[in-house]
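Below, chains carry the letters A, B, ... as their sequence lines are ordered, and counting in each starts from 1.
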Number of protein chains: 2
Amino acid sequence: MMLSEGMVERLSVYRQLLVCLEHRQRTDVFSHELASLAGVTAAQVRRDLMTIGYSGNPRRGYGVAGLVAVIGGYLDSPGGQAVVLVGLGNLGRAILAYFNERRQGLRIVAAFDRDPAKMDQIVQGCRCYPMEKLQEVVAGTGAQVGIIAVPRDGAQQVALQLVRAGIRGLLNLSPMRLVMPDYIYVEDLNMASSLEKIAFFSRRQTGEKKVAQ
Amino acid sequence: MMLSEGMVERLSVYRQLLVCLEHRQRTDVFSHELASLAGVTAAQVRRDLMTIGYSGNPRRGYGVAGLVAVIGGYLDSPGGQAVVLVGLGNLGRAILAYFNERRQGLRIVAAFDRDPAKMDQIVQGCRCYPMEKLQEVVAGTGAQVGIIAVPRDGAQQVALQLVRAGIRGLLNLSPMRLVMPDYIYVEDLNMASSLEKIAFFSRRQTGEKKVAQ
DNA sequence: TGTTGTGAAAACCTTCACAGCG
DNA sequence: CGCTGTGAAGGTTTTCACAACA
């Protein structure tokens with residue numbers, strides 16, 4: 001089955017929330033609870049769970065553990081997925097810290113930077129390689145996903161190197177839009193756009209509900 | 001007129017691209033050029049520009065400078081908008097650097113951190129205040145937008161303080177979903193969700209076109 | 001009673017396709 | 001001729017509303 005972008009995003013958010021609930025010993029949850037935590041409507045939650053074929057029970061709601069497992073079945077790659085990071089400035093280090101002890105499914109297995117002073121350092125448990133080793137290391141790890149955390153002028157160049165090394169998906173944190181062949185899946189996190197959007201909608205006094213991400 | 005979220009995002013991207021073109025002395029641009037730079041279809045660009053009432057000319061396309069101005073008329077607040085940042089770790093510093101010399105419209109006018117060692121430092125041209133001064137400084141600057149760059153456990157707490165100080169829109173960079181009254185516009189940049197999305201769609205060999213942000 | 005599951009409707013967004021123009 | 005501007009069509013996503021059920 002093919003899930004839409006929006007659905008994948010919501011499933012990911014549901015799972016984060018469910019894991020939280022699990023830690024608090026919750027075993028079941030109602031659609032309206034999950035909905036208000038996730039910032040969507042209860043009907044949306046029910047529809048999403050219906051789409052992935054997870055059933056609840058009118059008395060107790062949905063089973064938390066089972067739902068986490070079913071979402072995992074959709075989102076996670078069976079053997080886990082390796083991710084590489086390019087750029088170890090403030091942003092790159094922030095991302096490493098973020099994913100430091102994250103879910104086993106996605107692991108940042110290598111970082112690259114052109115600053116020779118950083119070579120072979122271990123930052124947040126992750127080894128830093130020079131750009132020249134990119135091809136070789138990416139191939140060795142079998143990573144399919146890359147994170148671009150370099151300044152605007154290097155971004156396009158770095159993206160091309162990653163694609164040549166076999167990467168299929170990119171998280172682009174630079175303010176530059178990448179021009180890529182269309183078999184590459186690119187997600188831009190453009191902070192300038194995000195802030196402009198917030199500025200715009202917070203000016204209008206909209207009673208606005210917001211979805212994750 | 002009310003613009004949709006998607007449109008605001010695209011307008012913001014168009015503007016970034018147009019400013020780039022302006023620097024390269026381009027005076028006019030065709031819908032299909034802007035489209036391929038922005039990663040959308042030409043029809044979409046024409047529809048968007050129609051919506052904001054900007055007309056082109058079948059011979060030369062759309063005037064770059066005029067379009068930048070019209071988009072600005074929609075996106076920018078007349079007097080500019082002040083933004084405050086909470087959290088001066090790696091992520092916070094990366095954001096400051098990012099917006100260091102950004103467009104005059106959005107300015108980060110103050111940063112807050114609970115680490116006493118950072119008090120009164122000037123980071124990237126921006127003064128750092130203690131959390132206790134938040135209320136007072138936000139009121140003084142009239143900021144309406146806040147950026148949350150603190151670790152997960154502090155996020156909800158910080159968001160509430162910002163709301164109490166009068167903030168109306170939030171950029172949440174923590175992995176925590178915020179529970180907010182619904183007159184507050186929240187945008188979550190959840191890296192975990194983004195990465196999971198990329199991992200998912202890059203696995204399926206979709207010939208996928210991607211829109212900004 | 002309060003919840004799930006779900007057809008059907010509504011809302012929204014994107015693309016098509018072509019007339020009209022420079 | 002190749003582009004813009006746009007009504008109409010098409011597609012997708014969200015919400016409604018209610019039967020079925022524990």
Task: Residue closer to the 5' end of DNA chain D, B:Tyr54 versus A:Thr41 (nearest nucleotide) - done: B:Tyr54

With a 4.0 Å cutoff (strictly under), does any side-chain N or O of [X] reach OP1 or OP2 of [N]?
{"X": "B:Arg46", "N": "C:dC16", "result": "no"}
{"X": "A:Ser55", "N": "C:dG5", "result": "yes"}
{"X": "A:Ser31", "N": "C:dT4", "result": "yes"}
{"X": "A:Ser4", "N": "D:dT13", "result": "yes"}

Check the distance between [N]'s [atom2] and [X]'s [atom1] and give it to me in whole angstrom.
{"X": "A:Met2", "N": "D:dG11", "atom1": "CE", "atom2": "P", "result": "18 Å"}
{"X": "B:Met50", "N": "C:dC16", "atom1": "CE", "atom2": "P", "result": "17 Å"}
{"X": "B:Ile52", "N": "D:dT6", "atom1": "CD1", "atom2": "P", "result": "13 Å"}
{"X": "A:Glu9", "N": "D:dT13", "atom1": "CD", "atom2": "C1'", "result": "14 Å"}
{"X": "B:Tyr62", "N": "C:dC21", "atom1": "OH", "atom2": "C1'", "result": "13 Å"}
{"X": "B:Met7", "N": "C:dC13", "atom1": "CE", "atom2": "C1'", "result": "12 Å"}
{"X": "A:Asn57", "N": "C:dT1", "atom1": "CG", "atom2": "C1'", "result": "14 Å"}
{"X": "A:Gln44", "N": "C:dT4", "atom1": "CD", "atom2": "P", "result": "15 Å"}

Backbone of [Y] reached by a side-chain donor or acceptor of [X] within 3.5 Å:
{"X": "A:Tyr54", "Y": "A:Gly63", "value": "yes"}
{"X": "B:Tyr185", "Y": "A:Ile198", "value": "no"}
{"X": "A:Asp188", "Y": "A:Asn190", "value": "no"}

For the side chain of [X], counting heavy atoms from C-beta on, which of [options] is nearest?
{"X": "A:Ala43", "options": "D:dC16, D:dG5, C:dG5", "result": "D:dC16"}
{"X": "B:Pro58", "options": "D:dG5, D:dT4, C:dT15", "result": "D:dT4"}
{"X": "A:Arg47", "options": "C:dA8, C:dC16, C:dC21", "result": "C:dA8"}

Open item on the list: Under 4.0 Å, counting only non-hydrogen atoms across every strand here, what does B:Arg60 touch: a base, just sugar-phosphate, or nothing?
Closed with: nothing

Task: Pair B:Glu33 + B:Arg26: basic N to acidic O under 4.0 Å - done: yes

Open item on the list: I'd like to know if B:Asp76 pairs up with A:Arg203 as an ion pair, taking the criterion as any Lys NZ or Arg NE/NH1/NH2 lying under 4.0 Å from an Asp or Glu carboxylate oxygen.
Closed with: no

